[in-house]
There are 2 protein chains.
Amino acid sequence: MSSSIPSDDARPFHVWQRILDWAQEHYRCRTFSKDERIPTRPGLLYLVQQGAVRLVGSAQVSATLKQQKSSSSRMPLVAAEEAFLGFVGAGQPFEIVAQPPFTLQSFSHVDHTTIVWLYWNDLDTWPHFRREVLDAFRRQHQRKLLWLSTLGQRRTIDRLLGFLTLLVDEYGEPCENGYYLPFPLTHAQIGSAIGSTRVTVTRLMGKLRQRGLIQSHGENLISIPFGASLKQQG
Amino acid sequence: MSSSIPSDDARPFHVWQRILDWAQEHYRCRTFSKDERIPTRPGLLYLVQQGAVRLVGSAQVSATLKQQKSSSSRMPLVAAEEAFLGFVGAGQPFEIVAQPPFTLQSFSHVDHTTIVWLYWNDLDTWPHFRREVLDAFRRQHQRKLLWLSTLGQRRTIDRLLGFLTLLVDEYGEPCENGYYLPFPLTHAQIGSAIGSTRVTVTRLMGKLRQRGLIQSHGENLISIPFGASLKQQG
C-alpha cells in the first residue's frame with residue numbers, strides 16, 4: 001500500500017546505492033519532467049530511481065477494412081489507439097519490448113522522475129540484484145493477471161471499479177478514511193485502460209461517487225473509502 | 001509460433017529431464033483430463049510438462065449496490081465473473097496467487113496435460129533453471145502488456161481481433177494459408193477475456209470471417225490467414 005519499495009521487496013541499501021553510483025559515473029541516469037517521453041531501446045533494463053513512470057501501449061490494429069482505390073485487396077485499417085498499461089513506481093524495473101503491430105512507450109508521470117538504465121549483462125556484477133529484478137517482474141506479472149481479470153468483466157462500471165481498486169491497492173497511500181492514489185489520472189487515461197471513452201468514464205465515476213464506492217482526495221486524486229474497499233470483502 | 005518450447009527458450013535437455021525424474025520420484029507430477037481443475041496452492045511453482053493449461057481469473061467485484069434489508073449500510077454486490085487469462089504451454093511455468101477479491105484458477109485445457117510442481121526452494125539445486133523460470137515469467141509479463149494494449153481498445157471487434165492475433169502469434173501453428181490456434185476456445189471463453197458476451201463474440205466472429213481477417217481451421221479451430229496477419233503490417 002505504498003509507492004515506495006515494499007518491505008518484501010527491500011533490497012540491501014548498499015547494493016542499490018552502488019548501482020546508482022555506477023549509473024551516475026557511466027551517464028546512465030536521467031531525470032525527466034512530467035509527461036516527458038522516456039526514450040527506450042529493446043534489450044535494455046530500466047530502473048525507476050524516484051518518481052513514477054506511466055506505461056502506454058498502442059495497438060495499430062483495427063477490424064475495419066479500408067477499401068483500396070487502386071486495387072481489389074482489402075487491408076486492415078491502421079489506427080493507433082493508446083492504452084494506459086499501468087505505473088512503474090520507485091524501486092521497480094521496467095523494459096520496453098515492441099511486437100508489431102503493438103508498441104509500448106514509457107512516460108515520466110510526475111516531475112523529477114529519475115531513470116537509470118543498464119544492459120542485462122551489466123547485472124553480471126550483481127547477480128543477487130538480477131534475481132531481485134526478475135522477482136519484481138514476476139510480481140508485476142501477477143498484478144497484470146488481476147488487471148486482466150477485471151478487464152474481462154462485461155459491464156464498464158465494474159471494469160472501472162476493479163481497475164481503480166487494483167491501482168489503489170498497489171500504489172495507494174493512507175488518508176483519513178481510506179486509501180488514495182497519489183498520482184493524478186485523467187478520465188481519458190482511465191478510459192484507455194478499460195476499453196472505454198473519457199465521456200463514459202466521467203459519467204460512471206459520478207455514479208461510483210454517488211454510491212460511495214470512490215471519493216475525491218484533494219483536487220484531482222481518487223480515493224477508495226474503507227467501507228467500500230474491496231480488501232474488506234476478501 | 002509453436003506450442004512447444006520456443007528456441008530462445010530451449011533449456012538443456014538433461015536439466016529438464018532431471019527435474020521431471022525428480023518430480024516423478026517425489027510424487028510431484030500429475031496428468032489431468034480436459035477441463036479438469038488443477039488444484040494449486042500459493043507459493044508453489046507449477047511447470048507444464050505436456051499439454052496446455054488455461055488460466056481463469058474471477059473478479060468478485062461489482063459496482064452494483066445490494067440494499068441490505070436489515071440495515072441502511074450499502075455493500076457492493078458480490079458477483080463472480082470468470083475471465084479467460086491465457087494459456088500456459090508445454091515447457092512454461094505458472095503460479096497461482098490470489099489477491100482478494102480476485103481469484104485465479106488453472107484448468108487442464110486439453111487431455112493428457114501433465115503438471116509438475118515444486119517449491120521455489122527446490123530450485124536451489126538447479127540455480128540456472130531457476131533463472132530460466134524467472135526469465136519465462138518476464139516474457140509472459142511482456143505478452144500480458146500487449147494483451148492489455150488490445151483490451152484498452154474501445155470497439156469490441158478491435159479487441160476481439162487483437163486478442164485472437166496475439167493468441168495465434170504466441171501459440172499458432174502453420175497451416176496452408178496462415179497460422180491456426182491449436183486449442184479450441186468457446187465463444188463464451190473469448191467473450192470473458194475481452195469484456196464481452198458469447199452472443200456478441202459469435203456475431204463479431206462472423207464479421208471478421210466475412211472480411212477475411214480470420215478463418216476456420218477444421219471443425220472448431222481459428223486461423224489467421226497470411227494476408228490479414230498483423231505480423232505483415234509491422
Side-chain angles (χ1 to χ4, degrees), chain A residues 55 57-63 65 73-74 76 78 81-85 95 97 99-102 104 131 134-135 137-138 140-142 144-155 157-162 165 169 192-197 207-208 211-213 227-228 230-231 233-234, chain B residues 55 57-63 65 73-74 76 78 81-85 95 97 99-102 104 131 134-135 137-138 140-142 144-155 157-162 165 169 192-197 207-208 211-213 227-228 230-231 233-234:
Chain A
L55 295 184
S58 105
Q60 297 195 300
V61 154
S62 170
L65 294 170
S73 77
R74 309 171 96 193
V78 174
E81 201 178 330
E82 294 202 335
F84 169 66
L85 304 183
E95 53 187 345
V97 178
Q99 167 75 32
F102 296 95
L104 300 185
R131 184 160 156 207
L134 289 172
D135 269 327
F137 280 127
R138 186 181 142 220
Q140 288 183 20
H141 177 236
Q142 290 165 3
K144 289 314 182 203
L145 289 179
L146 303 181
W147 272 52
L148 289 172
S149 298
T150 201
L151 294 190
Q153 291 182 285
R154 280 196 296 270
R155 299 192 320 148
I157 196 167
D158 294 341
R159 293 203 296 272
L160 174 61
L161 182 60
T165 302
D169 179 62
S192 78
I194 64 169
S196 185
T197 62
K207 275 198 184 179
L208 292 179
R211 294 177 191 172
L213 295 171
L230 296 162
K231 284 213 148 178
Q233 293 180 32
Chain B
L55 295 183
S58 104
Q60 297 195 301
V61 155
S62 170
L65 292 170
S73 76
R74 309 173 95 190
V78 174
E81 200 176 333
E82 295 202 332
F84 168 67
L85 304 183
E95 55 187 344
V97 178
Q99 166 76 29
F102 295 94
L104 300 184
R131 183 160 158 207
L134 288 172
D135 269 327
F137 280 127
R138 185 181 142 220
Q140 288 182 22
H141 176 237
Q142 291 165 1
K144 289 314 183 202
L145 289 180
L146 303 181
W147 273 52
L148 289 173
S149 298
T150 201
L151 294 190
Q153 292 182 286
R154 279 196 297 270
R155 300 192 320 148
I157 197 168
D158 294 340
R159 293 204 296 273
L160 174 61
L161 182 60
T165 302
D169 179 62
S192 78
I194 63 168
S196 185
T197 63
K207 275 198 185 179
L208 293 179
R211 294 177 192 174
L213 295 171
L230 296 163
K231 286 212 148 181
Q233 293 179 34

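These numbers come from the heavy atoms of this one structure, side chains and all, not from hydrogens, waters or symmetry mates. Below, chain A is the first sequence line, B the second, and so on; all start at residue 1. The structure displayed is predicted, hence computed values, not measured ones.
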Option in Gln142(A), Lys207(A), Arg159(A) with maximal non-hydrogen atom pairs under 4.5 Å from chain B: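 The option with the most such pairs is Gln142(A).
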
Most chain B-contacting option - heavy-atom pairs closer than 4.5 Å, from Gly57(A), Ala193(A), Ala83(A), Gly195(A):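 Going by pairs under 4.5 Å, I would pick Gly195(A).
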
Partner chain A: residue of Leu160(B), Leu151(B), Asp135(B) with the largest heavy-atom pair count (under 4.5 Å):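 Top count of heavy-atom pairs under 4.5 Å with chain A: Leu151(B).
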
Where on [X] is there a heavy atom nearer than 4.5 Å to chain A: the side chain, the backbone, both, or neither?
| X | result |
| --- | --- |
| Thr197(B) | both |
| Ile194(B) | backbone |
| Arg154(B) | both |

Quick one: side chain to side chain contact (heavy atoms under 4.5 Å, CB included) partners of Arg155(A), sequence neighbours excluded?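 Only Ile157(A), Asp158(A), Ser62(B), Thr64(B) meet the side chain to side chain contact (heavy atoms under 4.5 Å, CB included) criterion with Arg155(A).
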
Results of side chain to side chain contact (heavy atoms under 4.5 Å, CB included) for Thr150(B) - residues two or more places apart only: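 Once residues adjacent in sequence are excluded, the partners of Thr150(B) under the side chain to side chain contact (heavy atoms under 4.5 Å, CB included) criterion are Phe102(A), Gln153(B), Leu166(B).
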
Roughly how far, to the nearest 0.5 Å, is CD of Gln99(B) from CG of Leu145(A)?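 Output value for this atom pair is 12.5 Å.
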
Spacing of Arg138(A) atom CZ and Gln140(B) atom CD [to the nearest 0.5 Å]: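 If we round to the nearest 0.5 Å, Arg138(A):CZ and Gln140(B):CD are 11.5 Å apart.
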
Parallel, tilted or perpendicular: ring planes of His141(A) versus His141(B), cut at 30 and 60 degrees: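 Answer is perpendicular, since the angle exceeds 60°.
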
Side chains of Leu146(A) and Leu104(B), heavy atoms from C-beta outward: is any pair under 4.5 Å?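 In short, these two side chains touch, coming nearer than 4.5 Å.
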
Between Ser149(B) and Ala59(A), which heavy-atom pair has the shortest distance, and what is it?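 So the two residues come closest at O-CB, 4.2 Å.
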
